[in-house]
Amino acid sequence: MKLIHLSDLHLGKRVNEFSMLEDQRHILSQITAMVEAERPDAVLIAGDVFDKPTPSAEAVTLLDSFLVDLSSLACPVFLISGNHDSPERLAFGGRLMAGSGIHLAPVYDGQVRPFLLQDSHGTVALYLLPFLKPAQLRRVFPDAELDSYTDALRTAIAAMNLDPQARNVLVTHQFVTGATRSESEEISVGGTDNVDASVFDPFDYVALGHLHSPQTVGRETLRYCGTPLKYAFSETKEKSVTVVELGEKGDTKVRTLPLTPLRAMVELRGCYEELTRRSFYEHTNYQEDYVHITLTDEMDIPEAMGKLRTIYHKLMKLSYDNGRTRAAASTQTGEREPPASPLALLEEFYQAQNGASLSPEQRRFAQSLMEEIWEGLS
């Protein structure tokens, strides 16, 4: 059985105030062509379909076009919500769209019913588990001890009653401990969203979403496919589509297909005179790429951003690296402790006020309340 694994489309995203819709339209068209060429048994989309819970009309239209194109190829699509999505909005119309082969994960209610796919080796049980927080699980499993994201996911998976002899595939959207974050991702409050990789042991393949860099965690079959586009200059890995091929139980192969963006993200460094010299920029393709320029001039260039954009039309970011900026950075950085989590700050305050530590019950209540507040703000 062949599956194509996508995630983190972030449709409607703006990077440094530049709309990425044209670039996203280009890359989705490329992905559609890959699906047509590969003829997979299903396409898996592991969350963060949109960049905001209330996406723009243009972003919704783009997703609609993409799903229609995939449906026209008679390729089933299985899609879950991520932490950037509204699960209610994304699930709307799901039962109607299922007739066209577009399967949207419903809002989590404690039950995840598998989709049963067939190939020459038998049945593959496919489970769709949207982004979850412990607070959501507590509403469904009030008697369970859910002190962490690991507890929450372990409880949700235990409730699936998996057949360990079957080939089981999970589509989910979480931060697995040991994975590497990148600059363009949203960090959860307090950094407490880690999920231990062991909770996913029952699955032959886990199609992960949430992290923007393609990577595996512990094993080749516990995988983030990454975003189809770069959304930060710090992202160095090239983008790709992940193709998963399931043979008999225990035989899973993973490969990637490279994606070519409409525009590259380029970092240039040098003095203003050098970077504006015609002999330099006319022999490059940077004029229409997304560019971050670091000027090394000791004196700031008046109206540098506007002047440079007459050459580098998609200039996103302008920085300086000179004696002044390095001196300022050295006085500001030094050896600083990482910021404490909100829960740690509350515990410190409670200890100072009461001369005692939070009880386990108080700590769970505080953590739950913080998660609910954070969820309401996101």
**Sequence-distant partners of Lys249, side-chain hydrogen bond (donor to acceptor under 3.5 Å, both in side chains), two or more places apart** = Asp204
**Item:** Under the side-chain contact (heavy atoms from CB on, under 4.5 Å) test, residues paired with Glu273 that sit two or more places apart
**Value:** Cys271, Arg277
**Complete:** Residue set satisfying side-chain contact (heavy atoms from CB on, under 4.5 Å) with Lys237, at least two apart, ordered chain then number -> Ser213, Pro214, Gln215
**Item:** Atom pair CG (Leu315) and OH (Tyr286), whose distance is rounded to the nearest 0.5 Å
**Value:** 14.5 Å
**Complete:** For residues 209-222, the salt bridge (charged side-chain N to carboxylate O under 4.0 Å, His left out) pairs (sequence neighbours left out) are none
**Asked** Which ILVMFWY residues can you reach from Val169 by hopping between side chains whose heavy atoms are under 4.5 Å apart?
**Response** Met1, Leu3, Leu44, Phe78, Ile80, Phe115, Leu117, Val124, Leu126, Leu128, Val171, Tyr205, Val244, Leu246, Val254
**Request:** Using the side-chain hydrogen bond (donor to acceptor under 3.5 Å, both in side chains) rule, collect all pairs that involve residues 154-163, keeping only residues at least two apart or in two chains.
**Result:** none
**Request:** Go through the structure and list residues passing side-chain hydrogen bond (donor to acceptor under 3.5 Å, both in side chains) with Lys52, not counting sequence neighbours.
**Result:** none
**Message:** Using every non-hydrogen atom in the two residues, find where Asp85 and Val49 come nearest and quote the distance to one decimal.
**Reply:** OD2-N, 3.0 Å
Expected list for residues 94-112: side-chain donor-acceptor pairs under 3.5 angstrom, two or more places apart:
| residue | atom | partner | partner atom | Å |
| --- | --- | --- | --- | --- |
| Asp109 | OD1 | Gln111 | N | 3.0 |
| Gln111 | OE1 | Arg113 | NH2 | 2.5 |

**Prompt:** Apart from Leu116 itself, what residues make up its hydrophobic cluster, given side-chain heavy atom links below 4.5 Å?
**Reply:** none
**Message:** Restricting to salt bridge (charged side-chain N to carboxylate O under 4.0 Å, His left out), what partner residues turn up for Asp321, sequence neighbours left out?
**Reply:** Arg269, Arg326
**Item:** Residues in side-chain hydrogen bond (donor to acceptor under 3.5 Å, both in side chains) contact with Asp196, at least two apart in sequence or another chain
**Value:** Ser198
**Item:** From Leu28 atom CG to Ser65 atom OG, the distance as rounded to the nearest 0.5 Å
**Value:** 9.5 Å
**Asked** What residues form a side-chain hydrogen bond (donor to acceptor under 3.5 Å, both in side chains) with Gln118, not counting sequence neighbours?
**Response** Thr123
